[in-house]
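Okay, structure first, notes after.
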Amino acid sequence: MDTRAHPPVTSALRLCLHALLVGLIALAAVRAVADNTHPRAVVVVSCVMAALYAAGALAPAVQPRTRAAALWLAALGAVWLALLVLSPDSLWVAFPLYFLQLHLLPTRWALPTVAATALAAIWGFVVHGQAVNPGTFIGPLLGAAVAVATVLGYEALFRESERRRELIEELMSTRAELAEAERTAGTLAERERLAREIHDTLAQGLSSIQLLLRAAERTLDDDAPATAHVRRAREAAQDNLAEARRFVRALSPPDLENGSLAAALERLSSRTTGPGLTVQFAVSGTPVELPTPYEVALLRTAQSALANTVRHAGARRAEITLSFMDTSVSLDVVDDGRGFSPGVGPAVADRDTGGFGLPAMRARARSLGGTLSVESAPGQGAAVALTLPLPIPDGRTGQDAA
């Protein structure tokens, strides 16, 4: 009967139930022998009932809400009725039977079965000529009511415990996912910072050196002794510049390596998760090719805004919109969360936890000549909008042209 592993408290209760039923059967047999009331028949039926109970308790097939359990209870009830006819002391066996019926049968069948068992116990008391009084009816019925209340209360507590366990597991899983996301964001932010530093310092310096050496090479005669050295220096600067640019490309966000910015934002929206959060992505206008710094800025802003939504907003819905206009490109991240007062909300929290933060987003927007606006109020959600001017027609920014 339900041989799966049980908590210690549940196992102890089951052992007590086994001991109670077997003890009451033995009591009926002993009383029958002592009173010389059908002693042989009572002992035989008691042994049959005890053996039948042991067989069902050890049978793997007897599980709650199964056909085998219903058949076993029916056989056990039939033997108990036979014992009840022979001995009035066996009516007390009804009490552990209540718990068995409530445990093994569906509720819609268990309650009528418990009521029928209580009525059978009352009938057994009356048929043996015992004095009929209020206790005759109150005892079995009260026992049945206590059994029903106990089992249903335990099942309610068990369901509540399971819900709490699942909630704790979900919270632990979400916390692990957030920690992993923060670690990943930190790694990507460091890679991006290194790429930006190399692009803005080493790559620009090598480019300037190459241009100066090219100018110096033009002023020298072809047969001048310094010409070969200047040429080799220029070629070395050119090779190192190309290597620096390859290094910068290797450090760029991996989400942009395997597709467009729109595809990266689509993947970001699909993999961003939070309790009850749904993220949608849309593109407005005709997409145009953007320089890598633009794509990085737009992607990083979306990542940071969504991270704030997951960590702080408690939102149910968030939307990312990438809009291409005639002279600019914009990114809007809107959520329906609890909102905040701009300047004292997620920005402060991010400084404390090492996140990206609104100040860093504004600095990135200014570095590309764009603007970042934040609209929010407590209880009214939040909207973050990054707008960048489209680059010059040849597709290069001032830094790229260098």
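The number of heavy atoms from other shown groups lying within 6.0 Å of CZ (Arg163) is above 12.
By the 4.5 Å heavy-atom criterion applied to side chains, Val333 and Leu386 are not counted as neighbours. Side-chain contact between Val43 and Val33 is present, with at least one heavy-atom pair separated by less than 4.5 Å. Counting heavy atoms from C-beta on, the side chains of Ile25 and Trp80 never come closer than 4.5 Å. The shortest side-chain heavy-atom distance between Val374 and Arg362 falls under the 4.5 Å cut-off. Looking only at side-chain heavy atoms (C-beta outward), Asp336 and Arg316 come within less than 4.5 Å of each other. Taking 4.5 Å as the limit, every side-chain heavy atom of Phe99 sits out of range of all side-chain heavy atoms of Cys16. Side-chain contact between Val230 and Thr227 is absent, with no heavy atoms from C-beta onward closer than 4.5 Å. You'll find the side chain of Tyr98 stays beyond 4.5 Å of the side chain of Val151, heavy atoms only.
The heavy-atom pair separating Pro112 from Thr107 by the smallest distance is CD-O, 4.3 Å. In this structure, Ala144 and Val114 approach most closely via the heavy-atom pair CB-CG1, 3.6 Å. Here the closest non-hydrogen pair linking Pro64 and His103 is CB-O, 3.6 Å.
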Handout entry: Test side chain to side chain contact (heavy atoms under 4.5 Å, CB included) applied to Gln280 and Ser269, step by step
Key = CA-CA 6 Å; Gln280 294 186 341; Ser269 64; over 6 Å; no
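Distance check: Leu100 CG to Leu105 CG gives 9.5 Å after rounding to the nearest 0.5 Å. With rounding to the nearest 0.5 Å, the separation of CG in Asp332 from CD in Glu375 is 9.5 Å. We find the CD1-CG distance between Ile320 and Leu268 to be 5.0 Å, quoted to the nearest 0.5 Å. Here Leu290 contributes atom CG and Leu388 contributes atom CG; the two are 8.5 Å apart, rounded to the nearest 0.5 Å.
Ser304 contributes no side-chain N or O that, together with a main-chain N or O of Arg300, makes up a donor-acceptor pair within less than 3.5 Å. When atom types are taken as modelled, the side chain of Ser90 and the backbone of Leu83 share a donor-acceptor pair closer than 3.5 angstrom. A donor-acceptor contact shorter than 3.5 Å links the side chain of Thr301 to the backbone of Ala297. One N or O on the side chain of Ser270 and one on the backbone of Arg267 form a donor-acceptor pair closer than 3.5 Å. Side-chain atoms of Thr219 come within 3.5 Å of backbone N or O of Ala216 as a donor-acceptor pair. Tyr294 places no side-chain N or O within 3.5 Å of a backbone atom of Leu390 that could act as its donor or acceptor partner. Here the side chain of Ser367 pairs a donor or acceptor atom with the backbone of Arg364 at under 3.5 angstrom. The closest donor-acceptor contact from the side chain of Thr66 to the backbone of Gln63 lies under 3.5 Å.
For Arg317, the salt bridge (Lys or Arg N to Asp or Glu O under 4.0 Å) partners two or more places apart in sequence, or in a different chain, are Glu319. By the side chain to side chain donor-acceptor pair (under 3.5 Å) test, Arg165 is found to be paired with Glu162, Glu169, residues two or more places apart in sequence or in another chain being considered. Shown here are the side chain to side chain donor-acceptor pair (under 3.5 Å) partners of Arg232, two or more places apart in sequence or in another chain: His229. Residues satisfying the side chain to side chain donor-acceptor pair (under 3.5 Å) criterion with Glu235, sequence neighbours excluded, are absent altogether. Residues satisfying the salt bridge (Lys or Arg N to Asp or Glu O under 4.0 Å) criterion with Arg67, sequence neighbours excluded, are absent altogether. When the side chain to side chain donor-acceptor pair (under 3.5 Å) test is applied to Thr309, the partners found at least two apart in sequence or on another chain are Asp335.
Thr117 and Gln101 form a side-chain donor-acceptor contact under 3.5 Å, judged by distance and modelled atom types alone.
Here the options are Asp89, Val85, Leu84, the test is side-chain contact (heavy atoms from CB on, under 4.5 Å), and the partner is Ser87; only Asp89 passes.
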